[in-house]
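Residue numbers begin at 1 in each chain, while the letters A, B, ... track the order of the sequences.
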2 protein chains.
Amino acid sequence: MPSANASRKGQEKPREIVDAAEDYAKERYGISSMIQSQEKPDRVLVRVKDLTVQKADDVVWVRARVHTSRAKGKQCFLVLRQQQFNVQALVAVGDHASKQMVKFAANINKESIIDVEGVVRKVNQKIGSCTQQDVELHVQKIYVISLAEPRLPLQLDDAIRPEVEGEEDGRATVNQDTRLDNRVIDLRTSTSQAIFRLQSGICHLFRETLINKGFVEIQTPKIISAASEGGANVFTVSYFKNNAYLAQSPQLYKQMCICADFEKVFCIGPGKILSFICLLIDIEMAFNYHYHEVVEEIADTLVQIFKGLQERFQTEIQTVSKQFPCEPFKFLEPTLRLEYCEALAMLREAGVEMDDEEDLSTPNEKLLGRLVKEKYDTDFYVLDKYPLAVRPFYTMPDPRNPKQSNSYDMFMRGEEILSGAQRIHDPQLLTERALHHGIDLEKIKAYIDSFRFGAPPHAGGGIGLERVTMLFLGLHNVRQTSMFPRDPKRLTP
Amino acid sequence: MPSANASRKGQEKPREIVDAAEDYAKERYGISSMIQSQEKPDRVLVRVKDLTVQKADDVVWVRARVHTSRAKGKQCFLVLRQQQFNVQALVAVGDHASKQMVKFAANINKESIIDVEGVVRKVNQKIGSCTQQDVELHVQKIYVISLAEPRLPLQLDDAIRPEVEGEEDGRATVNQDTRLDNRVIDLRTSTSQAIFRLQSGICHLFRETLINKGFVEIQTPKIISAASEGGANVFTVSYFKNNAYLAQSPQLYKQMCICADFEKVFCIGPGKILSFICLLIDIEMAFNYHYHEVVEEIADTLVQIFKGLQERFQTEIQTVSKQFPCEPFKFLEPTLRLEYCEALAMLREAGVEMDDEEDLSTPNEKLLGRLVKEKYDTDFYVLDKYPLAVRPFYTMPDPRNPKQSNSYDMFMRGEEILSGAQRIHDPQLLTERALHHGIDLEKIKAYIDSFRFGAPPHAGGGIGLERVTMLFLGLHNVRQTSMFPRDPKRLTP
């Protein structure tokens with residue numbers, strides 16, 4: 001199918017394709033014409049991860065990237081990569097390959113995509129540098145499907161080097177901005193492939209667990225008529241002939257769905273945490289008598305996710321830990337629930353000075369995480385009964401203590417991943433609390449009106465997806481778990 | 001737990017709670033104090049849908065809305081509703097209920113949420129107006145959990161009346177704007193509950209099918225630095241100190257993920273079709289030799305969804321068809337694929353005049369849908385090989401006919417639900433086509449650069465979720481399948 005030696009008009013040729021006239025292998029290599037769906041060849045492409053001793057002596061076709069190449073006399077060793085898997089391939093002068101063909105292979109730019117036909121051969125000594133350690137591919141045909149430009153903006157091997165190792169050996173690592181500026185290449189590393197496969201797994205486990213628990217997935221509007229949630233840095237949008245606002249969370253709408261009898265709802269969509277655009281997994285649920293019914297449901301959902309990840313994504317967890325070593329994630333069943341006043345006592349015992357109604361600073365959250373880990377041996381816990389003063393207007397006050405509230409945060413490795421509460425379902429109390437917070441009632445009229453025709457008690461929470469991925473894997477920057485991160489300084493690519 | 005007869009300060013009292021002093025049942029009814037998670041009573045609430053003859057003579061607690069109430073001498077009949085299920089309840093003067101208690105029950109405003117304790121009794125004659133036809137609940141205690149205001153902005157029974165029936169009998173139906181202005185109440189009807197449960201099912205089946213096929217879920221940015229996709233009505237956003245744009249689709253980013261070796265990706269997120277904000281399910285996939293590999297994968301995904309819906313959501317389909325009757329959705333396996341020129345021939349035979357390179361108008365799409373249904377007996381098909389001139393710049397031209405392209409739409413009941421194509425994976429051809437379309441190369445630099453370091457051939461498509469729901473159910477307005485629809489004239493609630 002690929003037309004041998006056809007170099008597409010204007011596409012740069014690998015150097016030194018010479019002596020084609022005398023080349024007995026000239027039909028066996030070259031640059032394929034661009035695939036425009038001209039043909040439907042009856043050819044099976046084998047996956048790199050399936051190249052094992054079971055396939056020894058089979059002739060197979062493989063499509064992969066050239067990860068590295070190394071010419072050595074009359075032969076050329078290639079490492080062929082397909083996602084997180086790779087295999088060694090050998091092009092050697094002989095019956096199938098000519099001198100010219102070996103030279104051609106040696107000169108293919110790294111990251112180019114190629115089709116090769118080869119024989120799978122068992123090797124005597126394990127190939128430590130490849131995931132397929134027991135076989136190599138003896139190449140009989142090699143065609144370039146998509147040629148990479150010669151100078152890569154970053155080297156994949158540098159991009160997966162642990163920082164400590166790079167520092168010690170004086171070998172290169174890649175800094176965050178170079179990675180993000182060239183994200184398409186950075187995402188090809190085994191570490192990135194593992195991170196984002198695991199993140200996709202988190203989304204899937206979330207939904208699977210919630211659907212099994214009887215939740216309904218809802219879609220909430222992303223563009224709203226008033227900046228109802230308040231706060232700084234609201235994004236205004238030109239909307240046809242008017243101005244509108246970007247919803248920063250589905251908070252008001254998911255509560256409206258509870259008023260609309262959906263009982264248990266979730267949605268996954270863009271939101272904002274501090275200055276970061278992020279993906280929010282939002283949950284809201286009617287309960288019978290106590291918001292702890294909801295806390296238990298959410299905490300159990302997270303436990304199911306942790307278990308599912310440890311069962312289904314062990315390879316990915318191991319891959320990431322090669323570059324970013326960390327302790328395995330620990331959790332208890334049932335989930336530990338601490339009250340805010342208990343946490344204050346632990347912090348005060350550790351020398352922290354704090355008022356009863358003061359919010360936790362990030363350093364104090366982290367310190368508390370360490371104290372909880374020491375005492376209870378868990379990386380995941382719920383902190384319950386926050387001071388009313390530090391929570392949003394729609395938070396239900398604690399009926400026993402007017403300075404406390406029926407609200408909670410959840411933490412992973414000492415960092416917040418969820419903030420939630422029982423919400424006020426009574427329109428009159430909601431109005432009072434909104435006024436107390438100085439909120440313009442006109443802007444939240446539709447929201448407050450939703451509670452006027454019967455509303456069940458309910459609670460919920462919002463979870464930052466990228467933070468869950470980051471903290472589960474023990475990473476330290478949320479940009480590592482966002483494919484194309486956005487912050488006040490970054491809008492591209 | 002509920003404090004009998006306690007009427008919360010400022011909450012309106014049901015009229016005529018009188019003679020409390022002489023009332024032997026006074027502890028058995030009243031307005032409960034607001035649930036603030038004061039207690040965790042050891043009480044099981046039974047679901048309305050589980051009230052069947054198997055529970056006959058059991059004493060149960062139920063929380064539900066008052067759907068209707070009708071007083072009749074010494075008794076009051078209530079219909080209690082919970083989501084799409086309802087049951088008849090009877091409060092009658094006797095050992096458990098006093099005259100005052102019957103009066104109290106009769107005066108509870110419709111849509112209020114109540115807790116009742118009652119005995120499940122088998123009835124001799126089926127109750128045709130309820131989903132639970134074989135039993136009724138003989139009420140012993142009744143407490144209001146959340147009182148609805150007395151005047152409802154729309155009546156639920158009017159909102160589920162088929163329009164034809166309303167017109168014939170002179171009975172009320174509810175117009176679209178009234179529904180949308182009072183969406184929280186409109187969403188409580190059995191029809192709305194069924195529509196959005198089915199829509200949640202579509203999302204779930206989509207993901208389940210794609211994850212099983214090896215796809216990875218990705219998250220693409222919603223805010224971008226340049227209005228790269230062009231077109232009118234681009235939404236600009238104030239982004240910290242700069243201007244930015246709302247991404248109208250994840251097109252460019254999902255292709256970048258293909259260049260980043262994820263091979264098969266999907267994402268679900270907000271997008272825009274014409275002037276409607278909608279939810280897009282986007283798919284992109286690397287293929288080996290022919291884009292029909294992708295067409296078959298997507299068409300099979302949709303077939304799996306249709307099958308899953310017919311298997312798991314038959315109740316919801318039946319519920320919607322009571323208000324909006326329609327033929328069951330038909331499809332073939334494998335999916336019918338027609339070429340554009342064949343479609344033109346069919347239309348011309350039916351008297352339509354069209355040029356070879358002309359796009360299909362909406363009326364012609366609908367006519368074609370009817371012709372295809374007649375000839376092939378399917379409501380779902382793929383139309384392949386659109387004229388190049390009517391497709392976006394990144395569409396791969398057909399190598400055999402420069403006026404055609406490797407692009408396709410998919411249709412349900414004669415309306416488009418997906419538009420897709422093989423994309424150009426060669427940066428040079430992509431640049432040429434962008435220039436031909438008058439696109440500013442600066443604005444798509446990151447996109448074009450993603451193809452410079454090896455890019456596999458790939459194809460994909462974008463699906464409008466609300467349109468799939470609408471057309472599967474045979475509805476006629478996409479606002480019916482959007483919880484909180486947004487169009488140029490509507491930004492609330």
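For L465(A), the part lying under 4.5 angstrom from a heavy atom of chain B is the side chain only. Contacts between P397(A) and chain B at a heavy-atom distance below 4.5 Å involve backbone atoms as well as side-chain atoms. With a threshold of 4.5 angstrom between heavy atoms, N406(A) approaches chain B through side-chain atoms but not through N, CA, C or O. For R151(B), the part lying under 4.5 angstrom from a heavy atom of chain A is the backbone only. Heavy-atom distances place both the backbone and the side chain of E263(A) under 4.5 Å from chain B. Looking at I223(A), both its backbone and its side chain come within 4.5 Å of chain B, counting heavy atoms on both sides. Heavy atoms closer than 4.5 Å to chain B are found nowhere in I424(A), neither backbone nor side chain.
Counting heavy atoms from C-beta on, the side chains of I277(A) and Y239(B) come closer than 4.5 Å.
In terms of non-hydrogen atom pairs under 4.5 Å with chain B, the most contact-rich of A455(A), G201(A), S112(A) is A455(A). Ranked by heavy-atom pairs shorter than 4.5 Å toward chain B, the options A446(A), P427(A), C203(A) are led by C203(A). Counting heavy-atom pairs closer than 4.5 Å to chain B, the top residue among P399(A), S37(A), S482(A), P270(A) is S37(A). When L279(A), N288(A), V237(A) are compared by the number of non-hydrogen pairs under 4.5 Å with chain B, N288(A) comes out ahead. For the options P457(B), S192(B), A244(B), heavy-atom pairs under 4.5 Å to chain A are most numerous at P457(B). Counting heavy-atom pairs closer than 4.5 Å to chain B, the top-ranked of the candidates K489(A), E466(A), K222(A) is K222(A). The residue among D186(A), D487(A), T189(A) with the most heavy atom pairs within less than 4.5 Å of chain B is D487(A).
Side-chain N or O atoms of Q193(B) include one that pairs as donor or acceptor with a backbone N or O of A260(A) at under 3.5 Å. A donor-acceptor contact shorter than 3.5 Å links the side chain of Q83(A) to the backbone of D261(B). Between the R65(B) side chain and the G454(A) main chain, a donor and an acceptor come within less than 3.5 Å of each other. Under the 3.5 Å distance criterion, the side-chain polar atoms of Y253(B) are matched with a main-chain donor or acceptor of P493(A).
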Subject >> salt bridge (charged side-chain N to carboxylate O under 4.0 Å, His left out) evaluation trace for R197(B) with E217(A) >> reply: CA-CA 8 Å; R197(B) 266 159 217 286; E217(A) 182 169 3; over 6 Å; no

**OP:** Begin with the C-alpha distance, continue with both residues' side-chain angles, and end with the deciding distance and a verdict on side chain to side chain contact (heavy atoms under 4.5 Å, CB included) for I224(A) and R486(B).
**Re:** CA-CA 9 Å; I224(A) 52 179; R486(B) 292 291 181 263; 4.2 Å; yes

Subject >> side chain to side chain contact (heavy atoms under 4.5 Å, CB included) evaluation trace for S146(B) with F453(A) >> reply: CA-CA 8 Å; S146(B) 175; F453(A) 303 99; over 6 Å; no

**OP:** Given salt bridge (charged side-chain N to carboxylate O under 4.0 Å, His left out), test R452(B) with E111(A) step by step and report yes or no.
**Re:** CA-CA 10 Å; R452(B) 296 196 190 282; E111(A) 291 301 304; over 6 Å; no

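A distance of 10.0 Å separates OG in S200(A) from CZ in R207(B), rounded to the nearest 0.5 Å. We find the CD-CD distance between Q422(A) and Q36(B) to be 7.0 Å, quoted to the nearest 0.5 Å. M34(A) CE to M396(B) CE: the interatomic distance, rounded to the nearest 0.5 Å, is 4.5 Å. Taking CD1 of I185(A) as the reference point, atom CG of D449(B) lies at 9.5 Å (rounded to 0.5 Å). Rounded to the nearest 0.5 Å, atoms CD (Q199(A)) and CD (Q219(B)) are 6.0 Å apart.
Taking the centre and axis of the six-membered ring of Y289(B), the NZ or CZ atom of R63(A) falls inside the cone set by 45° and 6.0 Å. Relative to the ring axis of F262(A), R188(B) does not place its NZ or CZ within 45° and under 6.0 Å from the centre.
Residues S238(B) and T236(A) bring a donor and an acceptor atom of their side chains to less than 3.5 Å of each other.
Surrounding NZ of K40(B) are more than 12 heavy atoms belonging to other residues, nucleotides or ligands, all under 6.0 Å away.
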